[in-house]
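A short write-up of the structure that comes next.
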Amino acid sequence: MYALVDGNNFYASCERVFNPGLQHKPVVVLSNNDGIIIARSNEAKALGIKMGTPAFKIKDLVNQNQVVAFSSNYALYGDMSQRMMQIFHDFTPAVEVYSIDEAFLDFNGFDLSHIRATGVKLRQKVRKYIGIPVSVGFAPTKTLAKIANRIAKKHMSDGVALIDTPEKIKKALQMTAIEDVWGIGRQHSRFLQQHKVKTAWDFTQLSDSFIRKKMSVTGLRTKAELLGTACIPLELIPPPRKAIRTARSFVKSTADYEFINEAVARFAAACGEKLRQQQSAANLLTVFLRTDKFDKKNSYYANSFTVQLSNTSSGIDLVKAAKKALKIIYKKDFTYKKAGVLVSGLVPEKNRQLSLFDTHYSKHRQVMKIMDQINKTNGYHVLKLAAEGQASAWHLKQKYRSKRYTTRWQELIEIKV
DNA sequence: TCTGGGGTCCTAGGACCC
DNA sequence: TCTGGGGTCCTAGGACCC
């Protein structure tokens, strides 16, 4: 028996924890650069505000209905997430943190006769300790737990749903639209609907060979999971990433080479930090660059270039490689809206293949270690490579960001009495 | 004026090996 | 005229997830 627990409207709920006056009011959270809607409270959903809508398109709606908008505050959401996950560990040791706002919990081997009550208790505890409302869905497979969670959110007043018999499975599948099944995205649900598959139940009635042919083994796995055969195991220890990417849109398109060069250096350095955090080294580094894809007046240009590295997590090596790659793809007749750096071909740092002529690496390693340490204890990026420039020049637009209440002493919540 | 960011897995086809 | 059989590795593209 698995449970899927997730925070309802997570980012919006995080904002409400520190701003209780926002209960029952429409709240939305915006993406980087305050571009699009990435989270909505129920009240905002009721107003018809859709996920992914550009913020400027719903300006009137926001003003008319006193919708409160926040820039995204990942420092806050990340920390709130960790606290929430800790509570989950009070209920079972087997917790897979699946995303910032949800986790799969494994209750195999538990006495299941009171499992529903456990769900209610978990929900109450998270509400009390963290302040976030969560929904809990129990079922024998992860895919069904996702469905149970959805039902809990939509139909259960206590936020908990349990699917534990073949009859309940059938009923749950019949009330779930095909496009709401975990693992079936836009393309496949459009295709399936053309074949008269409307619900998750309809999907389970298709033949294995048809599914295999049209949706490969992943589709087959989804069918088995929906019928109660667990195929997707719990991952208790997150496997190391196989690729790491840092990319940003610029607030304004620009042709300024120095500006882009510094931004790309910053992205490369950020990739290095993430690499060292998971103790990996990279063998490839890709820089990509593109103009504004929404700009119909000017011609579109997008390009990328990949540089070979030799097992490095040194920010110095990465920045050097990134600058080299940028030089190759930059064309001066365009203005650029977005750039990024991707490192791949990752290997565990301890398996690093040494090179005979490799004299600099151990020095770099020590420098990076010290940099990381200083940045950790003294605040993000007090120390950086000169190539990264003054960073502030290309800073994100974050007009409505709340304080980082839980991770900065200077930004603690203030209570006036 | 204004449109995010970061990942994974599977398959087919090409290049290569014996 | 007639041209085997079995395998691996890599990459690009498409689908999916949050």
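To find a chain, count down the sequence lines: A is the first, B the second, and so on, and within it residues start at 1. Because the structure is a prediction, the values reported are computed rather than measured.
Regarding A/Gln277, its CD atom lies at a distance of 14 Å from the P atom of B/dG6, rounded to whole Å. Atom P of nucleotide B/dT3 and atom NZ of A/Lys296 are separated by 12 Å, given to the nearest angstrom. B/dT3 atom P lies 18 Å from atom CE of A/Met51, rounded to whole Å. Going from atom OH of A/Tyr98 over to atom C1' of B/dG7 covers 10 Å, rounded to whole Å. Per the geometry, CD belonging to A/Gln398 stands 13 Å off C1' belonging to B/dG5, to the nearest Å. Following rounding to the nearest Å, A/Arg290 (CZ) and B/dG5 (P) show an atom-to-atom distance of 8 Å. Put simply, CZ on A/Phe250 is 14 Å from C1' on B/dG5, counting in whole angstrom units. Distance NE2 (A/His188) to P (B/dC10): 13 Å, rounded to an integer number of Å.
Checked against C/dC18, B/dG4, B/dC2, the side chain of A/Tyr74 finds its nearest nucleotide in B/dG4. In this structure, the nucleotide among C/dC17, B/dT11, B/dC2 sitting nearest to the side chain of A/Ser216 is B/dT11. With distances taken from any side-chain atom of A/Val217 to the nucleotides B/dT3, B/dC10, B/dG7, the minimum falls on B/dC10.
Within 4.0 Å (heavy atoms only), A/Arg212 reaches sugar-phosphate atoms of the nucleic acid but no base atom. At the heavy-atom level, A/Lys214 lies nowhere under 4.0 Å from the strands shown. A/Val29 comes within contact range of no nucleotide atom at all, as no heavy-atom separation falls under 4.0 Å. Using a 4.0 Å heavy-atom distance criterion, A/Asn33 is classed as making no nucleic acid contact. When heavy atoms are screened at a 4.0 angstrom cut-off, A/Asp101 is found touching the sugar-phosphate backbone but no base atom. Within 4.0 Å of A/Ile244, counting heavy atoms only, lie sugar-phosphate atoms of the nucleic acid but no base atom. A/Lys293 comes within 4.0 angstrom of nothing in the nucleic acid, heavy atoms only. Using a 4.0 Å heavy-atom distance criterion, A/Thr246 is classed as a sugar-phosphate-only contact. Looking at heavy-atom distances under 4.0 Å, A/Leu30 makes no contact with the nucleic acid at all. Backbone-only contact: A/Lys146 has heavy atoms under 4.0 Å from sugar-phosphate atoms and none from a base. Within the 4.0 angstrom heavy-atom criterion, only backbone atoms of the sugar-phosphate kind lie near A/Ala247; the bases stay farther away. Residue-level contact check: A/Lys57 touches neither bases nor backbone, having no heavy atom under 4.0 Å from any strand.
Checked against a 6.0 Å centroid threshold, the rings of A/Phe104 and A/Tyr2 do not count as neighbours. Between A/Tyr336 and A/Tyr330, a ring centre-to-centre spacing shorter than 6.0 Å is recorded.
A salt bridge links A/Arg16 to A/Glu43: at least one charged side-chain nitrogen sits closer than 4.0 Å to a carboxylate oxygen.
With a 6.0 Å radius and a threshold of 12 heavy atoms from other residues, nucleotides or ligands, A/Glu411 has its CD atom above the threshold.
The side chain of A/Arg248 contributes an N or O atom lying less than 4.0 Å from OP1 or OP2 of B/dG6. OP1 or OP2 of B/dT3 sits under 4.0 Å from a side-chain N or O of A/Lys337. Proximity of A/Ser249 to the phosphate of B/dG5: a side-chain N or O atom is located under 4.0 Å from OP1 or OP2. Put simply, A/Arg221 has a side-chain N or O that comes within less than 4.0 Å of OP1 or OP2 on B/dC10. At least one side-chain nitrogen or oxygen of A/Lys242 sits closer than 4.0 Å to the OP1 or OP2 atom of B/dC9.
In this structure, A/Phe294 packs face-to-face on the six-membered ring of B/dT3, meeting both the 5.5 Å centre cutoff and the 30° plane limit.
Looking at heavy atoms from C-beta onward, A/Tyr400 lies out of side-chain contact with A/Val68 at the 4.5 angstrom threshold.
In this pair, A/His195 and A/Phe191 present their aromatic rings tilted. The plane angle is within the 30 to 60° band.
Checking A/Asn149, A/Val134, A/Val136 one by one against A/Val160, the side-chain contact (heavy atoms from CB on, under 4.5 Å) holds for a single residue, A/Val136.
Nucleotides B/dC17 and C/dG4 have their C1' atoms positioned 15 Å apart, rounded to a whole Å.
The residue among A/Phe56 and A/Arg245 whose nearest nucleotide of DNA chain B is located toward the 5' end is A/Phe56. The residue among A/Arg241 and A/Asn32 whose nearest nucleotide of DNA chain B is located toward the 5' end is A/Asn32.
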